[in-house]
Amino acid sequence: MGIVIFLLYPFLVLFFRISGNVHIDMDELFWSLKNTSLQAFLSALFSLIFGFFLSLGVLSYQNLSKYRTSLDLFFLLPSFIPNLFIIIALMNLIDPFPIGMIGIIIAHVVINTGIVAIFLKNNIQLKLGVSGELALVMGSSRMRFLTKILIPQLKKDFFEIFFFVFCICFSSFSIPMVIGGGRGVNLEILIYEKIRIYSDWSSGVVIATLQSLILFAFSFLTFKSQKYQSKQNFNFQIISSKSVLLFFLLSYVLFLTSFFRGLFEGTGFSSDLYLFKSELFSALFGTIILSTAVGMGVFGYLILLSYVWKNNMFAKFLQGYLTPSSALVALSLLLVGPNVGFFVFLKISIALLILYSSLAYRLGWNSLLYELETEKEKALILGASENLIFKKIVIPLVLKKAFFISGLCAFWASGEFAISKILAQGDFTLAMMTETFISQYRLSIASWLTLVVLFLGVLIFYIFIGVGRVLSQKIEDSL
């Protein structure tokens, strides 16, 4: 019950801020809803199109086990690195960068194309079966195989992946906050403006509730657990394309090069950074503390879940729970306690923990808990207590993965700036300082700060992984 209350905290707090007289500007609401839906639709559509073609390129190296994992991770990079990196690289690559809906769509497509491609590649390998080999023997052409065999088999996957990306883009906050370029550019920004700028809490909560209901409805259209045949090594020569792979490799390299070009251009601005040396050291320390705190918070949350989780209504709630609006979470915390000093830092950590909780649960933690349920039932039948089961069975099996997921969340927290900008009065992390330099269009300095943020995030991520391995090994040795 405590976990449920914690996850619903933003709604519970803001519910009491709704006055009896709620006035919603319907024209403004529909305009923002139209923008949000169109932006999310086009982002998901282009991500799916580019992701499909990239998946055909990705299939061309699946028999090269030595390079397969590294190349998969290379194409997944934009989906996992902080959004600041994406924004700066795009602004360096496209000059002038189109601020507004077009810019938001471009950023979202760059972020999501890789993960869409990997999803599709995995589904093709799992579902295509021997039809690939049979088509080769029968002499089928590539276009005929794609249109008559492959695409019909992937229709459901296309549908689910489309709505998965749609939901991500529909609730995007940090990207529109930096490159949206206008009032109410999407529902997240409208919620932020209503509460933070106009102090219209009632309208903000109503709009956030509407957004959450829409996302909840779309959540039924996204990934469902399915069972396929085990993956086998088939010859995907008939659909794989090395030329497509080369095109996307060059595109990704060009994208990365644009970021490093900004670094070289910023070498002459070291004197400007020197002027901010005290702020930089303070922000460096703040970044380390915040990302570590968020990682440890996520770790504690996952371990607590593994202790109290049952395959009942609680599991169904967690599966259906969607993180509330980022702006809503941050603004709800403004109402509780003082907004100075340590309390600001604590509120940002709690806000990020709420926002990352749903994603952390879906990063394989839910499937792990379902698998553990069988082991726990066997131990209970043999007479073991729940505390003994948790100590001797659950902890050894979940510890390493818990540290991996919490380390990944710590990495994301190192590059977070949108929530911090709402709750904090000044820039106390490197990501916040970077966003300030971007808003001033000082991209060279922002590029260098982003590189430091990436380095810190990766370092903290590997520290979490290392701690998980050491503790797991010690536990295994003691059993």
Student: Output the distance between atom CZ (Phe46) and atom SG (Cys169), rounded to the nearest 0.5 Å.
Tutor: 12.5 Å
Student: Give me the ring orientation class for Phe164 and Phe119: parallel if the planes are under 30° apart, tilted from 30 to 60°, perpendicular past 60°.
Tutor: perpendicular
Student: Are the side chain of Ser291 and the backbone N or O of Thr287 linked by a donor-acceptor pair below 3.5 Å?
Tutor: yes
Student: Do Val398 and Ile303 make a side-chain contact, defined as non-hydrogen atoms from C-beta onward lying under 4.5 Å apart?
Tutor: yes
Student: Does the gap between the ring centers of Phe159 and Phe163 come in under 6.0 Å?
Tutor: yes
Student: If I compare all heavy atoms of Ala351 with all of Leu333, which pair ends up nearest, and what's the gap?
Tutor: CB-CD1, 3.5 Å
Student: Between Asn112 and Ser79, which heavy-atom pair has the shortest distance, and what is it?
Tutor: CA-OG, 4.3 Å
Student: Is it true that, when you exclude Leu304 itself, more than 12 heavy atoms of the residues, nucleotides or ligands shown sit nearer than 6.0 Å to its CG?
Tutor: yes
Student: Got a donor-acceptor contact below 3.5 angstrom from the Ser357 side chain to the Ile354 backbone?
Tutor: yes
Student: Any donor-acceptor pair under 3.5 Å linking the side chain of Ser258 with the backbone of Ala89?
Tutor: yes
Student: Run Ile124 and Ser55 through side-chain contact (heavy atoms from CB on, under 4.5 Å) and show every step you take.
Tutor: CA-CA 9 Å; Ile124 290 172; Ser55 68; 4.1 Å; yes
Student: Taking the side chain as every heavy atom from C-beta outward, state whether Phe53 and Phe248 have any pair of such atoms under 4.5 Å apart.
Tutor: yes
Student: Of all the heavy-atom pairs spanning Phe411 and Ile81, show the shortest one and how long it is.
Tutor: CE2-CA, 3.9 Å
Student: Between Phe403 and Phe299 (judged by ring centroids, cut-off 6.0 Å), do the two rings come close enough to count as a pair?
Tutor: yes
Student: Enter the distance from Leu54:CG to Leu245:CG here, rounded to the nearest 0.5 Å.
Tutor: 7.5 Å
Student: Under a 3.5 Å threshold, yes or no: a donor from one side chain and an acceptor from the other, between His108 and Ser47?
Tutor: no
Student: Using ring centroids (six-membered ring only for Trp), state whether Phe404 and Phe461 fall under 6.0 Å.
Tutor: yes
Student: More than 12 foreign heavy atoms under 6.0 Å from OH of Tyr370: is that the case here?
Tutor: yes
Student: Treating Trp412 as the side-chain partner and Phe80 as the backbone partner, does any N or O pair qualify as donor plus acceptor under 3.5 Å?
Tutor: yes
Student: Work out which heavy atom in Pro176 is nearest to a heavy atom in Ile189; give both atom names and the distance.
Tutor: CB-CG1, 4.0 Å
Student: Examine the side chains of Glu28 and Ser32 and answer whether a donor and an acceptor come within less than 3.5 Å of each other.
Tutor: no
Student: Evaluate the side-chain proximity of Lys121 to Asp72: yes if any heavy-atom separation is below 4.5 Å, no if none is.
Tutor: yes
Student: So do Leu48 and Thr113 actually touch side chain to side chain, heavy atoms under 4.5 Å?
Tutor: no
Student: What's the shortest heavy-atom distance between Ser306 and Trp365, and which atoms?
Tutor: CB-CZ2, 4.1 Å
Student: Rounded to the nearest 0.5 Å, what separation is found between the CG atom of Leu399 and the CG atom of Leu302?
Tutor: 11.0 Å
Student: Could you check whether any side-chain heavy atom of Ile350 comes within less than 4.5 Å of a side-chain heavy atom of Val329, counting everything from C-beta outward?
Tutor: no
Student: For Asn186 and Asn35, what are the C-alpha separation, side-chain angles and deciding distance, and is it a side-chain contact (heavy atoms from CB on, under 4.5 Å)?
Tutor: CA-CA 6 Å; Asn186 74 346; Asn35 284 347; 5.7 Å; no
Student: Checking Ser171 side chain against Cys167 main chain: does a donor-acceptor pair fall under 3.5 Å?
Tutor: yes
Student: Would you say the side-chain atoms of Ser60 pair up with the backbone N or O of Leu56, donor to acceptor, closer than 3.5 Å?
Tutor: no
Student: Working to the nearest 0.5 Å, report the span between CG of Leu254 and CG of Leu93.
Tutor: 5.0 Å
Student: Between Ser43 (side chain only) and Val109 (backbone N and O only), is there a donor and an acceptor less than 3.5 Å apart?
Tutor: no
Student: With the side chain counted from C-beta on, respond yes when Phe285 and Leu280 share a heavy-atom pair under 4.5 Å apart, and no when they do not.
Tutor: no
Student: Given side chains that start at C-beta, do those of Pro78 and Tyr252 come closer than 4.5 Å, heavy atoms only?
Tutor: yes
Student: Val165 vs Val116, test: side-chain contact (heavy atoms from CB on, under 4.5 Å). Steps then yes/no.
Tutor: CA-CA 8 Å; Val165 179; Val116 169; 3.7 Å; yes
Student: Working to the nearest 0.5 Å, report the span between CG of Leu459 and CG of Leu454.
Tutor: 12.5 Å
Student: Would you find a donor on one side and an acceptor on the other, under 3.5 Å apart, between the side chain of Glu435 and the backbone of Ala418?
Tutor: no
Student: Hydrogens and angles aside, do Asp157 and Asn123 bring a side-chain donor and acceptor to less than 3.5 Å of each other?
Tutor: yes
Student: Would you please test Ile179 and Met91 for side-chain contact (heavy atoms from CB on, under 4.5 Å) and show each step?
Tutor: CA-CA 10 Å; Ile179 58 178; Met91 285 186 166; 3.6 Å; yes
Student: Atom CG in Asn83, atom CD1 in Ile175: separation rounded to 0.5 Å?
Tutor: 4.0 Å
Student: I need the minimum non-hydrogen distance between Ile151 and Phe158, along with the two atoms involved.
Tutor: CG2-CE1, 4.0 Å
Student: Side-chain contact, heavy-atom cut-off 4.5 Å: Phe170 with Leu187?
Tutor: yes
